[in-house]
There are 2 protein chains.
Amino acid sequence: MSARLDKDQALKLRAKTAFPNSVYGHQSTRAVSTLHPQFFKKAQGAKLWDVDGNEYIDYMCGYGTNLLGYCHPAVDEAAAKQQATIDVATGPSETMLLLAEKFNEKVAHADWTMFAKNGGDATTVCVMTARAQTGKSTILVAEGAYHGACPWATPAPAGVAPGDKMHQVVYQYNNIESLRTAVEIAGGDLAAIVVTPFKHNARCDQELPTQEFAEACRALCDAHDAALILDDVRCAFRFTLGATWELLGVLPDLCAMSKSVANGYSLSVVTGNNRFREGASSIYTTGSFWFASVSFAASLATVQAVEEESAIEKIKQSGDLLRRGLAEQAVSAGFEFRQTGPVQMPLFAFNGDEKNQLINRFCEEAVVRGVYMHPWHNMFISAAHTPELIASTLQRTEEVFTAMKNDR
Amino acid sequence: MSARLDKDQALKLRAKTAFPNSVYGHQSTRAVSTLHPQFFKKAQGAKLWDVDGNEYIDYMCGYGTNLLGYCHPAVDEAAAKQQATIDVATGPSETMLLLAEKFNEKVAHADWTMFAKNGGDATTVCVMTARAQTGKSTILVAEGAYHGACPWATPAPAGVAPGDKMHQVVYQYNNIESLRTAVEIAGGDLAAIVVTPFKHNARCDQELPTQEFAEACRALCDAHDAALILDDVRCAFRFTLGATWELLGVLPDLCAMSKSVANGYSLSVVTGNNRFREGASSIYTTGSFWFASVSFAASLATVQAVEEESAIEKIKQSGDLLRRGLAEQAVSAGFEFRQTGPVQMPLFAFNGDEKNQLINRFCEEAVVRGVYMHPWHNMFISAAHTPELIASTLQRTEEVFTAMKNDR
């Protein structure tokens, strides 16, 4: 181990005792390479600094929470102003209502809105609402899709009891035939089809939805009195200020959003249509911090900044720049480099790289050059990833490809 | 309706459309009287101001989140300082590790610590850990106890599928015989006994645990290779800077804390002992905002302030003052007034008040006099409830009792 991560190593050692087994969850010590730092001390714009002072252009964006740039002035100012008067209290402030009205205005299918803290809270509220409204239990989920870490959704079997994953039937993303078969298996008990805006499963190629698949999801829900639940937790606000499938003209009944909706402040959102209003009213769901006004103020400021700064267009342009630049570099260096998913949320791979040696090497060579990239989880572009930062990134990835080429 | 809540009424009307059916959850419009305001614009110390500008001494403390006073200067300063450098990002900061080490130091049974966002996240992580470690599924829960609003725990049946509440056996709080029977029903499948530090169920008298009951919980878990899970979400830090049953000398294996641990910033905590380290390591649990450094910085500052300001002692003294004052007033006015639960988290009732008319009237008369009290959910005292504020409260409750007496 080089001295580059000395302090990080020392903290990791302490973390092994202080936590059950180092850092857990999506940023688990087991999930990142030893060349990727575990602990950071500063985040600004599109950049991160680790505890040893190394600087990175960050292509994980807090796993999607960073939309406009870390420490965005307008968002943080709105949050600080709110914090000084009222945040979590015995009841909500008007800010909660204003934000719900904002979502009802911006999101095409939304007649009502609810708020929570985790993406998994939001998907859970959607599922509970669908079950309460339809009086049925079975939900359809795509194979390998991630809908949260609560027991019904967590991808690992440990700690999950048999009851937790009952009432679930699995289909294949983009495969209408498998969707129809799953509907048949559900029989008369279909409460909801749960689907992500695109296939963003970890450890495999990302896949955009076909128009036919999205429409089939909608039609099957209509035909079987079920809810179409869009799990937009990871995508919301990166493609449009609404439910992402609005871009396909397919409206969900219920939509779960989180991650970037308050540019890093803890918030998740459920939007629903009037068909599911009664179901949503009937469930008991809440949390100690669900009325936190700071997160609502941050989200209102985020919506405003997205519009004023044309953030979504900027993200797409920078994502395009990065994709084209990397593609050219890979061809020049003689690598069959695969870029999947939308340019706003890319994932990279190398053809024929069965044991992931090339992609792991690529990300390790990038990270030591100050570009934080992930080998098997989709990455994210923010509006703070300026064309200048993309150019700076490409200078370094040029070196990465060269190093890898020289090693062959 | 008086003009006192004009603006509140207007917001409530909009809320009926913007949300599924007005404000939901623990502060649901259906749960509070029409004389209790729904929307607030300011929270400072022990006080709240509603959107119409009415001022209240607040005895709900944000349902327990307010421990030291709303907008506590030292906590908010630590949070703001952290916010300016790094909050939610691609990885955690050292603050997460420092806070875990602080909990491991302060909490007697804690060998390791994990963090989440909701109290329900923490109880869920405890249950998953117990199941992963023991390889068993059944958990024992006390009748009417609240452990969160996630499907396995939510008190309402709507939206709950049959699988969600499988593997649960109910016992009666403080009833060792019923606990033994529940253990027998679980047979060889007992993963955990889940218990709150005292019985703080809504809509009934609160009850302190007997020493024998707490020890029986511990002994039965030991005898059956199960986890003793203390759901300390609502009580933690109001009685001791540790797991609340430390005061009884009974240590849990796993403890879920939240509410007041960061004085209002969204945070929940799981502490565990080494016996359950492997189980906790094996589950996959995480959330987009679980590495939020601002909440960790706020919690570190909260621990420091609790110690420096002798907050726990202050809370007890003020709770004592209030209880004695109310008891005297009630006797003078000729009411059989019942105060249950610890003085730090009181609940009031009137003997023979089968339809809750007297307690509802009491809280309504209090709230129009600027004292926010709840008729059927335990209340909370904070360290900002100074003896002067208690005295001011008692002046007003004196009027309340007089008004009620004159009406008989």
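Basis for what follows: all heavy atoms, side chains included, without hydrogens, waters or symmetry-related copies. Per chain, numbering begins at 1; letters A, B, ... match sequence-line order.
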Side chain / backbone / both / neither for [X] at chain B, heavy atoms under 4.5 Å:
X: Thr65(A); value: side chain
X: Cys61(A); value: backbone
X: Asn66(A); value: neither
X: Arg30(A); value: side chain
X: Met166(A); value: side chain

What's the spacing between Ser266(A) OG and Leu267(B) CG if we round to 0.5 Å?
-> 9.5 Å
Min side-chain heavy-atom separation Met114(B)-Phe19(A) under 4.5 Å | no
Beyond-backbone contact of Glu94(B) with Leu11(A), side-chain heavy atoms, under 4.5 angstrom = yes
Which bit of [X] comes within less than 4.5 Å of chain A, counting heavy atoms only: side chain, backbone, both or neither?
X: Lys165(B); value: neither
X: Tyr265(B); value: both
X: Ala191(B); value: neither

So with a 6.0 Å cut-off around CD of Glu105(A), is the heavy-atom count from everything else above 12?
-> yes
Verify the distance criterion only: is there a donor paired with an acceptor across the side chains of Trp290(A) and Asn118(B) at less than 3.5 Å?
-> yes
Cut-off 3.5 Å, side chains only: do Lys259(A) and Ser288(B) have a donor facing an acceptor?
-> yes
Top of Leu97(B), Thr154(B), Thr129(B) for chain A proximity - count of heavy-atom pairs under 4.5 angstrom = Leu97(B)
Least distance between heavy atoms, Val23(A) atom then Phe291(B) atom = CG1-CZ, 3.8 Å
